[in-house]
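Predicted, not measured: the structure shown is a model, and the values here were computed from it.
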2 protein chains.
Amino acid sequence: MTVTTESLTIAQMAETTGLSTHTLRYYEREGLMFAPVDRASSSHRRYTEADVAWVGFLTKLRSTGMPIRDVRRYVELVRAGDATMPERRELLVAHRRRVLAQLEDVTASLAAIDRKITLYEGHTP
Amino acid sequence: MTVTTESLTIAQMAETTGLSTHTLRYYEREGLMFAPVDRASSSHRRYTEADVAWVGFLTKLRSTGMPIRDVRRYVELVRAGDATMPERRELLVAHRRRVLAQLEDVTASLAAIDRKITLYEGHTP
DNA sequence: CTAGGACTTCGAGCGCGCTCGAAGTCAAAC
DNA sequence: GTTTGACTTCGAGCGCGCTCGAAGTCCTAG
């Protein structure tokens with residue numbers, strides 16, 4: 001298999017992004033790609049560098065727990081052009097707020113768990 | 001309805017813990033309670049202060065993303081007595097490690113999102 | 001005595017985010 | 001020409017963590 005730097009097959013894209021080919025197709029179906037993915041051989045997907053960067057950002061949104069439906073909303077705004085920048089910003093800022101709140105929550109719970117761990121000190125086998 | 005300080009109805013327990021009555025029954029079914037919940041009137045649940053504390057800790061485990069099945073495993077260890085303290089500790093420590101890794105992950109993704117937000121600066125409506 | 005309401009059990013259903021498998025196409029290697 | 005295998009679409013299925021609803025019981029107030 002010859003790897004052109006021009007574009008990636010879905011398998012290469014999966015390798016690159018860390019997502020499965022199933023997930024890549026799923027994201028596309030769900031409207032999360034910025035633009036339709038190029039096709040070669042009249043049917044096989046060919047991903048560009050831009051696609052790699054885009055999926056990378058999608059992954060960051062997802063890994064902070066943004067639901068698919070919100071990611072889709074964001075994507076739609078990006079597609080709608082520069083005029084939506086304020087709204088996009090607002091969306092991301094609101095998301096960040098929620099994420100930070102949850103981080104605090106988790107951190108607090110973790111502290112309680114740590115205290116429990118401490119209670120178990122000295123009981124090593 | 002007279003509120004005794006002795007015990008709580010499931011509705012009061014839900015109020016106290018922030019879980020729904022459905023979830024409280026679900027947790028019990030799933031074997032997450034330390035001991036069988038007391039009953040009054042031959043059938044209605046009566047929760048003790050100890051139950052409140054216990055569910056509080058369960059909630060902390062859950063809010064850090066520990067799967068139900070792992071919580072159950074932990075509960076089983078607690079029920080098994082003091083001899084399992086080392087294993088409990090190990091379980092919690094491993095969980096903490098995963099949670100911290102994920103916190104880092106989220107934090108890194110959030111940073112990328114922040115950079116994107118910054119790009120949108122100056123585009124306020 | 002009756003009505004209301006809070007509880008009970010049980011099994012089914014749901015929303016999410018994938019994940020999988022069947023059946024088909026196509027291009028290149030042999 | 002045949003085989004291989006990487007891809008395609010499509011719809012179904014799954015694991016998780018609840019969430020819901022039906023049908024029944026029991027206590028309490030009026």
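- Nucleotide D:dC7 holds its P atom 8 Å from the CZ atom of A:R46, rounded to whole Å.
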Heavy-atom protein contacts under 4.0 Å, nucleotides 17-28 of chain D, coded B base, S sugar-phosphate only, - none: BBBB------S-

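- For A:Y27, the ring pair (Phe, Tyr, Trp, His ring centres under 6.0 Å) criterion is met by no residue, not counting sequence neighbours.
- Rounded to whole Å, atom C1' of D:dA6 lies 15 Å from atom CG of A:L24.
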Side-chain donor-acceptor pairs of residues 61-70 of chain A under 3.5 Å, sequence neighbours excluded:
from  : atom 1 : to     : atom 2 : distance (Å)
A:R62 : NH1    : A:M66  : O      : 2.5
A:S63 : OG     : A:T59  : O      : 3.4
A:S63 : OG     : A:K60  : O      : 3.2
A:S63 : OG     : B:S109 : OG     : 2.7
A:T64 : OG1    : A:K60  : O      : 3.2
A:T64 : OG1    : A:L61  : O      : 2.7
A:T64 : OG1    : A:H95  : NE2    : 2.8

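- At D:dT9, one or more side-chain N or O atoms of A:R45 fall inside 4.0 Å of OP1 or OP2 (strictly under the cut-off).
- OP1 or OP2 of C:dC7 sits under 4.0 Å from a side-chain N or O of B:T9.
- Partners of A:E30 according to the side chain to side chain donor-acceptor pair (under 3.5 Å) rule, which considers only residues two or more places apart in sequence or in another chain, are A:R72.
- Taking B:Y47 as the reference, nothing meets the ring pair (Phe, Tyr, Trp, His ring centres under 6.0 Å) condition, with sequence neighbours excluded.
- Residues B:L92 and A:I117 approach most closely at CB-CG1, 3.6 Å, considering heavy atoms.
- Counting to the nearest Å, the C1' atom of D:dA6 and the CG atom of A:L8 are 15 Å from each other.
- Note: CD (B:E15) to C1' (C:dC7) measures 17 Å, nearest angstrom.
- Atom CD of B:E30 and atom C1' of C:dG11 are 14 Å apart (whole Å).
- Partners of B:R96 by side chain to side chain donor-acceptor pair (under 3.5 Å), not counting sequence neighbours, listed by chain and number: A:D114.
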